[in-house]
Amino acid sequence: MRRSLIYLSFMLVFCSLLWGDFDIEKFTDPAKYGWDSLEEYEGDRERKLLKRNIIHFYEMKNSNIYTNILRSAVFPGWGHFEVKQYTRGEILLGLEVIFLGTAFYYYNQAMEDYDKYKEASYINDINKYYDRAQDKYGISQTFLALGLLNWVYSMYDTALVTRQYNARLWEDLNRKYLEDNVELGFSSYPLGLQVRF
Amino acid sequence: MIRNLILISFILLLTSCALELERENPLDPISSGLAAPDKVIVYELPLTSEGSILLEWDIQNDAVGYRIYRSLSYDGNYQFITEKMTTDDGSYEDISDALVSENWYYYKISAINSNGLEGVRSEPLFTYFIDESTR
């Protein structure tokens, strides 16, 4: 049954070629698609293949914004290191360490004074230790708030620098491989990318 | 986005400054409503005291006892020496072995109420101590 169907469809095609208005030259005419010549068609095809390879290369090398934001959420500055913004990453990380370290220090000091306040029975000591504890607690909370702000800003800045990095990567690839006539292709062995000059 | 970040940071800073520790001390007058005893009025000491140092003060109605502190200097650290639980005796004689002859001694006294809350200490009183046995 299957063989009969194949035979029948072959016969139909063959007959249509024989008796139809099929012009092979028209069919293979490059001008039909806007190309003036076969060479132009082949050049255009090469360019399209190169662009496809550039896209694949870009997708391998670019940095995912959301992954980077998550990195900075875990560790402020980590996302910046991923896109080679080392100075900014170090500054943000350093600030976070300073803010949280200071907050922790003053919190400990505040709790020491607070313990003295809780045990005091002399009216002046009660007021003195409470005021001291409250002042230091306020400072620790302020630094904690600054640390939180730095953490939020780090994530926001990571998104910005990642976008810039990806945009720069795309521009560099296009400039290098499309304008400088450098070939970029895929090789099967060893599996990966080949760059030919 | 920057404006939102600035607004958030301002709110965070204000909130952090407004956070207060709880007044958990049961003797804290602000949280418990207790009234602290008044400052004790102590009678002036003689310029020189021989053999012992006698302290006298006005009895307070709400005090159940008094604490006595001693120092070797006017602005120095006043050490607690004794607590006298009494409601009708406003005196204390210091005959401690720690007293060294020919030295100035400074005293402060405070009252304690029935809750154990100690009031403000008195102004420093001082005297020049001479040990009779060393004469």
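Just so it is clear: chains get the letters A, B, ... in the order the sequence lines come, proteins before strands, and each one is counted from 1.
Within a 6.0 Å radius of CD1 in Ile95(B), no more than 12 heavy atoms belonging to other residues, nucleotides or ligands are found. No more than 12 heavy atoms of other residues, nucleotides or ligands shown are found within 6.0 angstrom of NZ on Lys51(A). Residue-environment remark: CD1 (Ile41(B)) stays at or below the threshold of 12 foreign heavy atoms within 6.0 Å.
Cluster membership check: Leu70(A) does not share its hydrophobic cluster with Phe81(A), using side-chain heavy-atom separations under 4.5 Å among Ile, Leu, Val, Met, Phe, Trp and Tyr. Follow the hydrophobic side-chain contacts under 4.5 Å out from Leu55(B) and you reach Leu99(B) in the same cluster. Linking ILVMFWY side-chain heavy atoms closer than 4.5 Å, directly or via other members, places Tyr107(B) and Tyr69(B) in two distinct hydrophobic clusters. Hydrophobic clustering of Ile, Leu, Val, Met, Phe, Trp and Tyr side chains at less than 4.5 Å, counting indirect connections, unites Val100(B) with Ile68(B). Cluster membership for Tyr117(A) and Leu19(B), using ILVMFWY side-chain heavy atoms within less than 4.5 angstrom, is shared.
Taking both residues in full, the closest heavy atoms of Asn25(B) and Ala120(A) are given as ND2-O, 2.9 Å, listed atom of the first, atom of the second, then distance.
A heavy-atom distance below 4.5 Å is not found between the side chains of Glu24(B) and Tyr130(A).
The distance from the CG atom of Asn127(A) to the CD1 atom of Ile30(B) is 5.5 Å, given to the nearest 0.5 Å. Rounded to the nearest 0.5 Å, atoms CZ (Phe80(B)) and OH (Tyr122(A)) are 13.5 Å apart. Rounded to the nearest 0.5 Å, atoms CE (Met111(A)) and CG (Leu21(B)) are 5.0 Å apart. Atoms CG and CD1, on Leu34(B) and Ile123(A) in that order, are 9.0 Å from each other to the nearest 0.5 Å.
Heavy-atom neighbours of chain A within the stretch residues 108-123 of chain B, taken at a separation under 4.5 angstrom, comprise Gly116(B), Leu117(B), Glu118(B), Gly119(B), Val120(B), Arg121(B).
Qualifying side chain to side chain contact (heavy atoms under 4.5 Å, CB included) partners for Glu42(A), counting only residues two or more places apart in sequence or in other chains: Leu38(A).
Using a 4.5 Å cut-off between heavy atoms, Arg23(B) contacts chain A through both its backbone and its side chain.
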